[in-house]
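Working notes for the structure below.
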Amino acid sequence: MPIHDPCALLNRLLQEPNESGWLEFKVNNKDPREIGEYVSSLANSAMLAGRDRAFLVFGVEDRSKERVGTELRLQKLKQGNEDFTNWLSRMIEPRVLIEVLDFSCDGLAYSVIAIEPSYERPVKFSGVEFIRIGENKKKLAEFPEHERALWIATGRRRFETAVAASNVTTEDVRAPGSGSYVRFDRRAKAQEPRRGDPQNGGSRVCSG
């Protein structure tokens with residue numbers, strides 16, 4: 001669902017007691033590759049936490065959560081000669097929905113990246129999967145227990161989605177006489193990129 005009121009979203013996120021696996025606050029970070037790694041880590045951590053969306057917020061001090069604003073304008077950011085949003089969508093796999101917003105609240109500028117995890121498999125940036133461990137962004141491969149838990153989470157969500165899509169109960173999809181589940185491999189039709197609220201300088205892109 002597109003974000004129509006980013007200031008209300010910011011207020012809600014600041015009500016969280018602290019940062020978490022699915023929520024990261026930054027002030028200024030203009031390194032596209034660093035941002036891409038955070039997108040991967042937040043998406044994967046959101047899946048582990050059972051969240052439907054993760055957020056990377058620029059313009060807020062991470063420890064104090066003080067609103068200070070940011071110099072970053074994601075809509076104007078470039079990686080080489082390519083727009084950041086287009087470049088990011090190519091570098092992230094599998095396909096996930098990413099919404100990028102530049103906006104102002106009470107005279108201060110903010111930027112937000114909202115990521116909707118795919119729950120298809122762990123999310124990679126530039127071929128590498130990342131995860132948030134404590135307050136740090138790490139390579140998922142360095143934490144096999146988290147990697148295993150993430151595959152379990154993605155598998156469980158795929159199964160639940162398949163059951164809901166087929167309009168049957170979990171008992172209905174047990175293989176007859178086997179006690180095991182029938183495997184579904186249905187994928188929702190990928191959403192086409194949509195523009196966000198032009199007033200707030202937003203865009204929605206599907207990676208991949």
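Only heavy atoms go into these numbers, but all of them, side chains included; no hydrogens, no water, no symmetry mates.
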Exercise. What is the distance from atom CD of Glu145 to atom CG of Leu150, rounded to the nearest 0.5 Å?
Worked result: 13.5 Å
Problem set entry | Short side-chain to backbone donor-acceptor contact, Arg51 and Ala43, under 3.5 Å | no
Exercise. Arg53 versus Ile3: any side-chain heavy-atom pair under 4.5 Å?
Worked result: yes
Problem set entry | Distance (rounded to the nearest 0.5 Å) between Phe58 CZ and Lys26 NZ | 8.0 Å
Problem set entry | Atom pair CG (Leu9) and CZ (Phe103), whose distance is rounded to the nearest 0.5 Å | 6.5 Å
Problem set entry | Step-by-step side-chain contact (heavy atoms from CB on, under 4.5 Å) determination, Ser104 to Tyr110 | CA-CA 6 Å; Ser104 296; Tyr110 301 92; over 6 Å; no
Exercise. Does the side chain of Arg67 come within less than 4.5 Å of Asn11's, by heavy atoms?
Worked result: yes
Exercise. What is the minimum heavy-atom distance between Ser40 and Val128, and which atoms define it?
Worked result: OG-O, 3.9 Å
Exercise. Salt-bridged, Lys124 to Glu37, with N to O below 4.0 Å?
Worked result: no
Exercise. Between Leu77 and Ile35, does a side-chain contact (heavy atoms from CB on, under 4.5 Å) hold up when you go through it step by step?
Worked result: CA-CA 11 Å; Leu77 189 63; Ile35 295 173; 4.2 Å; yes
For this session: Take Lys137 and Glu34, measure what salt bridge (Lys or Arg N to Asp or Glu O under 4.0 Å) needs, and give me the verdict at the end.
Result: CA-CA 10 Å; Lys137 166 174 56 66; Glu34 183 80 5; 3.5 Å; yes
Problem set entry | Minimum heavy-atom distance between Met47 and Arg121, given as atom pair plus value | CE-O, 3.8 Å
Exercise. Does Val39 belong to the same Ile/Leu/Val/Met/Phe/Trp/Tyr cluster as Val27, with side-chain heavy atoms less than 4.5 Å apart forming each link?
Worked result: no
Exercise. Taking side chain as C-beta onward, heavy atoms only, is Asp83 less than 4.5 Å from Lys76?
Worked result: no
For this session: Determine, stepwise, if the pair Lys138 / Phe130 fulfils side-chain contact (heavy atoms from CB on, under 4.5 Å).
Result: CA-CA 6 Å; Lys138 299 287 187 179; Phe130 293 87; over 6 Å; no
For this session: May I ask whether Leu14 and Val57 are part of the same hydrophobic cluster, defined by side-chain heavy atoms of I, L, V, M, F, W, Y residues being less than 4.5 angstrom apart, directly or through others?
Result: yes
Problem set entry | Residue pair Asn44, Glu129: steps toward the side-chain contact (heavy atoms from CB on, under 4.5 Å) verdict | CA-CA 8 Å; Asn44 290 329; Glu129 300 152 342; 4.3 Å; yes
Problem set entry | Sub-4.5 Å side-chain heavy-atom contact between Glu71 and Lys30 | yes
Exercise. Taking all atoms of both residues into account, what is the closest heavy-atom pair of Glu120 and Pro94, and its distance?
Worked result: OE1-CB, 3.8 Å
For this session: Evaluate the ring-ring contact (aromatic ring centres under 6.0 Å, His included) criterion for residues Phe125 and Trp87: first the C-alpha distance (whole Å), next the side-chain angles of each, then the deciding distance (0.1 Å), finally the verdict.
Result: CA-CA 11 Å; Phe125 167 75; Trp87 172 82; 5.7 Å; yes
Problem set entry | For Thr154 against Pro122, the heavy-atom pair lying closest together | CG2-N, 4.4 Å
Exercise. Which atom names give the shortest non-hydrogen contact between Lys65 and Gln15, and what distance separates them?
Worked result: NZ-C, 4.5 Å
Exercise. To the nearest 0.5 Å, what is the distance between CD (Glu66) and CZ (Phe25)?
Worked result: 13.0 Å
For this session: Any chance you could measure Ile131, atom CD1, to Ser45, atom OG, to the nearest 0.5 Å?
Result: 3.5 Å
Exercise. Thinking salt bridges, do Arg90 and Glu82 make one under a 4.0 Å N-O criterion?
Worked result: yes
Exercise. Once you round to the nearest 0.5 Å, how far does OG of Ser111 lie from CG of Asn29?
Worked result: 11.5 Å
Exercise. Does Asp31 use its side chain to pair, donor to acceptor, with the backbone of Arg33 at less than 3.5 Å?
Worked result: yes
Problem set entry | Co-membership, hydrophobic cluster, residues Val68 and Phe55, 4.5 Å side-chain | no
Problem set entry | Aromatic ring pairing His146/Phe143, orientation class (parallel under 30°, perpendicular over 60°, tilted between) | perpendicular
Exercise. With distance as the sole test, does Asp102 use its side chain to make a donor-acceptor pair with the main-chain N or O of Leu74 at under 3.5 Å?
Worked result: yes
Exercise. Can you get from Leu13 to Val60 by hopping between Ile, Leu, Val, Met, Phe, Trp and Tyr side chains that sit under 4.5 Å apart?
Worked result: yes
Problem set entry | Heavy-atom side-chain proximity of Val112 to Leu56 below 4.5 angstrom | no
For this session: Could you tell me whether a side-chain N or O of Gln75 sits under 3.5 Å from a main-chain N or O of Val100, the two making a donor and an acceptor?
Result: yes
Problem set entry | Donor-acceptor contact present, side-chain Asp5 to main-chain Ala8, <3.5 Å | yes
Problem set entry | Exercise: identify the closest heavy-atom pair between Leu42 and Trp22 | CD2-C, 3.6 Å
For this session: Could you check if a side-chain atom of Val96 sits within less than 4.5 angstrom of a side-chain atom of Ile98, using non-hydrogen atoms only?
Result: yes
